[in-house]
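Only one structure is covered here, and it is reproduced in the block below.
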Amino acid sequence: MKKLFILSLLLLAFNSFSQTKKIRIISSEFSEADEKKYPGATILIGNVKIAHEGATLDCKQALLYKKENLFKAAGEVVIEQGDSIIQYSDFAIYNGDTKKAVSWGNVEINDKEMKMNTDTLHFDRKEQVLFYQTGGTIKDKKNTLKSLKGTYFLKEKKFIAKSKVTVVNPESHLESNHLDYYTNTSLAYLYGPSTITNLKDSTKVYSERGFYDTNTEISYFVKRAKLFLKNRTIEADSLYYDKRKGFASATNRIKIIDTLQNTVTKGNYAELYEQKDSLFIIDRAVAITEQEKDSMYVHGDKILITGKPEKRIVRIFNNVKIFKSNLQGKCDSIHTSQITGLTRMFRSPILWSGKSQITGDSIHLVSDKKTNELDSLRVLQNAFIIQKDSLSDDNYNQIKGRNIYGKFIENDLRTMLVKGNAESLYYNRNDETQKLETITKEIASDIEFKLENNEVVETKYFKKSEGKTFPPSEFPKGEKKFRGFVWRGDEQPLVMEDIFIKDKASIFLKPKRNNKAVIKAKKKLKKENEKRRTLPKYDFKRE
């Protein structure tokens, strides 16, 4: 008896469940059956309305297959699901067992957040998901989104768009092949090659993964990010951009191309302010001036670039090093004006050209403003040129004077003029045997010399006051080095990568002997130097 009672309850529950799933006819002006033409169907005509588990369907005419629990509608079809959505189409098929509908012909969907248009739409009521595969459009308060394939999740207000996706509003135009879009917040999450174009100034952002807020025009990208401004292009592993504030920050493997000045700036962290037209970059920062045959690399702890195109000021601070195939340099800071083409080196500046070491209280490099090629050199106050004798560890050819002026031709230093109180000291060797034959010391008002392949080939003295040539054995040892002589050959960057290596000791400190703080600083720099001798290896793998 007990078993029969339980069985009866189960049958009752099953029948009740089956009844709730059946499609119900609410109204129809006319109904009939035509087994020959529509076997198993009830034909409904005029103001047809059916209901099924919280949803209603209205149309002009329909076929109801009671056994299959299937409904086919035609003519001004309207599907309503409570107060969540309302759908219009020319035709629809609804399965009451699976709770899935297919609509086609001028399909339109409306909910509180958006309006959707497509030719053919699939609606899964169980999962509360809409999708199309033949092209569609979504419009909300902010944007119009189009794609070939789209899936809309009603609960999350989330739309997944794939293949030829565009998101357009009065401010911007977004193109992608895959993105997630939230109609309640107007946020877009990008998962494929995507480009955002500002319609007011044609600024563009490209990335293959990222986030874009269409309300605030704030974006953040983390894969192959590129920002195309009017005169600059920024590439980085990750990029944050606030279009309205005109602010961008980039991280790791940054490359900033100045399309007008033909220069490139690199580093691992950068900030850019469009309104001020300024750029700040640190962490292996390097400014590269690209030229036809060669490029100049200038590294410093910090690089700051300000000013409008063709009027830009470049400031490079702390531990500055320069590398060019035929010219290297070092100082504490650099100031470059693109208006004048003048680059000034500050605090113990030094240049190396071939075998020559050039120093002075200040050094100026002048570039051609149109081509960016080096034009001339100025070494002001206490100018000093030293060239080590290649066959001796302690002999140095030397020239010193008040100022030195040099001239570049095709980026090579060709002539130099030592102006005022000029002195020279040369170790003369036999051209064939390379044996040291004489040592010549000269004093003149000015000295001019010409160079070929960074070697002195001709020397001219002006108003020479005195000079003497000595046999090596008779040359006074106390006169082997001019006053102010400092050889800094171990500081010269020999290859481009050397510009990122910190020096073993700072020449700018000029400490007292046995200064504990200086000794500690030297030890710290030595450790850092050992670490940096091998350049950091970045992970170039892409997802």
Side-chain angles (χ1 to χ4, degrees), residues 262 288-298 321-331 334 336-338 340-345 349-390 396-429 431 440 442 444-464 488-489 492-496:
N262 199 29
I288 307 167
T289 302
E290 296 184 339
Q291 298 163 353
E292 185 177 352
K293 296 180 180 180
D294 199 1
S295 293
M296 179 179 287
Y297 300 80
V298 185
K321 288 186 179 181
I322 301 169
F323 181 83
K324 192 173 176 290
S325 62
N326 55 4
L327 187 73
Q328 299 82 46
K330 178 186 171 183
C331 61
I334 276 181
T336 298
S337 170
Q338 292 181 340
T340 61
L342 177 63
T343 296
R344 293 181 290 168
M345 303 172 65
I350 182 170
L351 289 175
W352 293 273
S353 178
K355 297 179 181 179
S356 299
Q357 172 186 292
I358 305 168
T359 58
D361 289 355
S362 63
I363 295 178
H364 296 174
L365 291 166
V366 181
S367 299
D368 186 293
K369 290 180 284 185
K370 293 183 178 179
T371 64
N372 283 328
E373 291 187 350
L374 290 171
D375 177 77
S376 56
L377 166 71
R378 305 171 193 163
V379 185
L380 307 178
Q381 299 301 315
N382 298 311
F384 213 129
I385 300 175
I386 304 173
Q387 191 177 82
K388 190 173 184 179
D389 186 346
S390 59
Y396 298 86
N397 297 320
Q398 300 161 59
I399 300 173
K400 67 174 295 187
R402 186 182 302 115
N403 302 315
I404 294 177
Y405 302 95
K407 181 68 176 177
F408 292 91
I409 298 177
E410 294 182 350
N411 278 306
D412 287 329
L413 193 58
R414 298 292 180 86
T415 60
M416 297 188 77
L417 173 64
V418 183
K419 191 76 175 174
N421 302 323
E423 301 177 66
S424 67
L425 178 64
Y426 279 102
Y427 290 80
N428 307 304
R429 292 185 177 274
D431 291 338
T440 302
E442 300 279 2
S445 61
D446 307 322
I447 302 175
E448 182 184 80
F449 51 98
K450 295 182 179 180
L451 302 95
E452 290 182 6
N453 299 319
N454 294 312
E455 297 282 351
V456 177
V457 294
E458 182 181 333
T459 305
K460 185 186 294 185
Y461 295 88
F462 299 90
K463 299 180 183 179
K464 184 165 60 176
R488 296 169 58 183
Q492 181 181 4
L494 300 178
V495 294
M496 190 279 289

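All values below come from the heavy atoms of this structure, side chains included, with hydrogens, waters and symmetry mates left out. Along the sequence shown, the residues carry numbers beginning at 1.
How far NZ of Lys330 is from OG1 of Thr359: 12.5 Å, rounded to the nearest 0.5 Å. Separating the CZ atom in Phe449 from the OG atom in Ser424 is a distance of 9.5 Å, to the nearest 0.5 Å. Summarising the geometry, atom CZ belonging to Phe323 is positioned 9.0 Å from atom CD belonging to Gln492; distances are rounded to the nearest 0.5 Å. Taking NZ of Lys355 as the reference point, atom CG of Leu451 lies at 12.5 Å (rounded to 0.5 Å). The OG atom of Ser295 sits 10.0 Å away from the CE atom of Met496 when rounded to the nearest 0.5 Å. Remark: Leu377 CG to Leu380 CG distance equals 9.0 Å, nearest 0.5 Å.
Annotation: side chain of Val366 is not in contact with side chain of Phe408 (no heavy-atom distance under 4.5 Å). Here the side chains of Thr415 and Lys450 are in contact, with some heavy-atom distance below 4.5 Å. Between Met416 and Ile358, the closest side-chain pair of non-hydrogen atoms falls below 4.5 Å.
Remark: side-chain polar atoms of Ser337 are not paired, donor with acceptor, to backbone N or O of Leu342 under 3.5 angstrom. In this structure, Asn397 contributes its side chain and Tyr427 its backbone to a donor-acceptor pair below 3.5 Å.
The side-chain hydrogen bond (donor to acceptor under 3.5 Å, both in side chains) search around Gln357 returns none, not counting sequence neighbours. Under the salt bridge (charged side-chain N to carboxylate O under 4.0 Å, His left out) criterion, Glu442 pairs with Lys464, sequence neighbours left out. Partners of Lys321 by side-chain hydrogen bond (donor to acceptor under 3.5 Å, both in side chains), not counting sequence neighbours, listed by chain and number: Asp503. Annotation: ring pair (Phe, Tyr, Trp, His ring centres under 6.0 Å) contacts of Tyr297 (sequence neighbours excluded): none. By the side-chain contact (heavy atoms from CB on, under 4.5 Å) test, Arg402 pairs with Gln381, Asn421, sequence neighbours left out.
Sorted by first and then second residue, the salt bridge (charged side-chain N to carboxylate O under 4.0 Å, His left out) pairs with a member in residues 374-389 read Asp375-Lys407, Asp389-Arg429; sequence neighbours excluded.
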Checklist entry - Can you list the steps and then say if Ile399 with Tyr426 is a side-chain contact (heavy atoms from CB on, under 4.5 Å)? => result CA-CA 9 Å; Ile399 300 173; Tyr426 279 102; 3.2 Å; yes
Next on the checklist: If you apply the rule side-chain contact (heavy atoms from CB on, under 4.5 Å), what do you find for Val379 with Ile385, and how did you get there?
Outcome noted: CA-CA 10 Å; Val379 185; Ile385 300 175; over 6 Å; no
Next on the checklist: Show, in sequence, the C-alpha distance, side-chain angles and deciding distance for Met296 and Leu327, and conclude whether the side-chain contact (heavy atoms from CB on, under 4.5 Å) test is met.
Outcome noted: CA-CA 9 Å; Met296 179 179 287; Leu327 187 73; 4.3 Å; yes
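Evaluated for a side chain to side chain contact (heavy atoms under 4.5 Å, CB included) with Ile363, the options Ile334, Ile350, Leu351 yield exactly one hit, Leu351.
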